[in-house]
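Computed from heavy atoms alone, side chains included, the values below leave out hydrogens, waters and symmetry copies.
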Amino acid sequence: MTARIGVVTFPGTLDDQDSLRAVRIAGAEPVSLWHRDKDLKQVDAVVLAGGFSYGDYLRAGAISRFSPVMETIIAQAKAGLPVLGICNGFQILTEAHLLPGAMLQNNHLHFICREQKLRVETSETAWTADYTAGQEIRIPLKNMDGRYVADERVLDELEAEGRVAFRYLARGAAADGYGNPNGSLRDIAGITNAAGNVVGLMPHPEHAVEPLVGTGRTDGLGFFTSILKKLVNA
Amino acid sequence: MARVVVDVMLKPEILDPQGQAVQRALPRLGFEGIADVRQGKRFELEVDGPVDDAALARINEMAETFLANTVIEDFTVKVEESK
C-alpha cells in the first residue's frame, strides 16, 4: 500500500501545491489537509508547508498553531507521527513547542530569496535518512522571519543530542549561497525533536525536486524519499 | 467597559534589529542622545464586565499562551482607568 502523506493548507499557505507535488514525485500518495479539519484522513505523515499563514500577524505561525488541525497534529506528533515543518511550518512547530526555540525577523530586516547551501548534520531523523551526515545540499531559501534563536542551555542540549539537523555552511560570502543568511544562532537552519519524528527547517526542499525548476537540482527530494522509506519499513 | 493593556517586549538578550534600525535613523533626523531603541507591541483589550482578579488571571494566561511567546518575549499586564 502506498504511504499517504498529508500537506496542511492554512489561510496564507503558499507552498502546499509544491509540497503535494514533491510527495507525489517521491512516490507517495499526497493528501490535502485543511486547517479547520481535526481529522487527518489517516495519513502516515504530515508536511506543514511554507507561506504566510494568517499573514504572519502577531508572530509567524502563532495563530495557526491554535487551528483545529494542529490540535490533532500536536497530539499525534507527541505519539510519533512524522511531521516536517518547512519555513512557515517550522515557525508553527516552534510556536506549538513541538520544537524548542523561536523564529525571529532576519537580522538584516530584508526578505531573502536565494539558493542556499546547507549541511545535513544528521541522517537519524524520519525525514533525513536518505542523506548522509555531513552531506552538503543546495535548496532554495525564501523568508522574512528565519532567525533561529534559543537560550544557551537549549542550544547546548540540541548540539549534545545531535538535534541540529541542518546548518548554513559558514565558509564563503553570504552572496554565494554560503554563510548564515539571517543571524540564526550557531548557523542553525533546522532542528529535530528528541525522537526524530518532528523536523523543521527554513529552506525549501519541496522546491528542489525536479531539475527543471528551483536550483536545477533535486537535492530536496531526499526528504520525501526518506519518509517514504521509513514508512514502508515501519 | 474597562481597558487592560498588555505590553510585549523582546527579552533584553534577544537582538532587536527593528529597534536598531530606528535608533540608527535618529541622528539623521536631528535627534541626538538616544543610546538605544527597542521596539515592542502593545495590545489594548476592552473587557466586558469588571476586571477582577479572575478576569486578570485569564488575561495573564492569554498573554502567556498567545499574545507573547515567552521563549523570546516578556510581557506586562496593567489595568487602565475605566471610561
Side-chain angles (χ1 to χ4, degrees), chain A residues 53-67 70-71 74 88 90-112 143-158 180-188 191 193 200, chain B residues 3-29 31 34-48 54-80:
Chain A
S53 61
Y54 291 92
D56 276 357
Y57 295 134
L58 189 58
R59 297 176 306 277
I63 298 177
S64 317
R65 173 251 176 279
F66 291 99
S67 64
M70 283 306 296
E71 265 182 59
I74 289 168
N88 194 234
F90 185 18
Q91 293 157 346
I92 294 169
L93 290 176
T94 60
E95 283 287 338
H97 304 301
L98 285 173
L99 292 173
M103 308 302 306
L104 281 162
Q105 212 169 14
N106 297 339
N107 59 349
H108 44 71
L109 298 175
H110 299 291
F111 186 89
I112 189 163
N143 65 71
M144 188 73 210
D145 300 272
R147 176 166 52 112
Y148 180 76
V149 298
D151 64 32
E152 288 293 312
R153 189 185 54 79
V154 169
L155 292 170
D156 288 342
E157 198 176 291
L158 288 172
N180 185 328
N182 48 34
S184 286
L185 296 180
R186 302 197 192 179
D187 300 326
I188 289 174
I191 55 175
N193 67 344
Chain B
R3 172 179 289 181
V4 177
V5 175
V6 180
D7 281 308
V8 176
M9 291 298 294
L10 278 177
K11 289 182 176 176
E13 67 271 23
I14 303 276
L15 172 73
D16 175 14
Q18 286 189 103
Q20 287 183 343
V22 173
Q23 195 244 334
R24 281 197 301 271
L26 292 175
R28 270 204 315 272
L29 303 173
F31 298 104
I34 306 298
D36 190 29
V37 176
R38 295 185 66 80
Q39 184 175 322
K41 288 178 204 157
R42 173 186 164 103
F43 299 88
E44 298 186 349
L45 314 173
E46 302 296 336
V47 181
D48 291 330
L56 269 179
R58 283 187 51 239
I59 289 168
N60 254 292
E61 189 194 343
M62 181 208 303
E64 192 167 359
T65 54
F66 187 48
L67 299 182
N69 177 347
T70 54
V71 174
I72 46 170
E73 293 166 329
D74 295 324
F75 67 89
T76 58
V77 176
K78 60 176 187 283
V79 184
E80 287 207 339

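When heavy atoms are compared at a cutoff of 4.5 Å, Leu109(A) approaches chain B solely by way of its side chain, counted from C-beta outward. Using a 4.5 Å cut-off between heavy atoms, Ile72(B) contacts chain A through its side chain alone, with no backbone atom that close. When heavy atoms are compared at a cutoff of 4.5 Å, Glu13(B) does not approach chain A at all. Contacts between Asp151(A) and chain B at a heavy-atom distance below 4.5 Å are absent for every atom of the residue. When heavy atoms are compared at a cutoff of 4.5 Å, Lys41(B) approaches chain A solely by way of its side chain, counted from C-beta outward. Heavy atoms of Phe43(B) lying under 4.5 Å from chain A belong exclusively to its side chain. At a 4.5 Å heavy-atom cutoff, His108(A) makes no contact with chain B through either its backbone or its side chain.
For Glu44(B), the CD atom is densely surrounded, since the number of other residues' heavy atoms within 6.0 Å is greater than 12.
The candidate with the highest count of non-hydrogen atom pairs below 4.5 Å against chain A, out of Leu10(B), Leu67(B), Asp16(B), Val8(B), is Leu67(B).
The minimum heavy-atom distance between Gln39(B) and Gln18(B), with the atom names listed, is NE2-OE1, 3.4 Å. Heavy-atom minimum distance, Ser184(A) versus Gly146(A): OG-O, 3.1 Å.
Interatomic distance, CD1 of Ile14(B) versus CZ of Arg147(A), reported as 7.0 Å (0.5 Å rounding).
Checked by atom type and distance alone, the side chain of Glu95(A) never pairs as donor or acceptor with a backbone atom of Ile63(A) at under 3.5 Å. Remark: the backbone N or O of Ser53(A) is paired with a side-chain donor or acceptor of Asn88(A) at under 3.5 angstrom.
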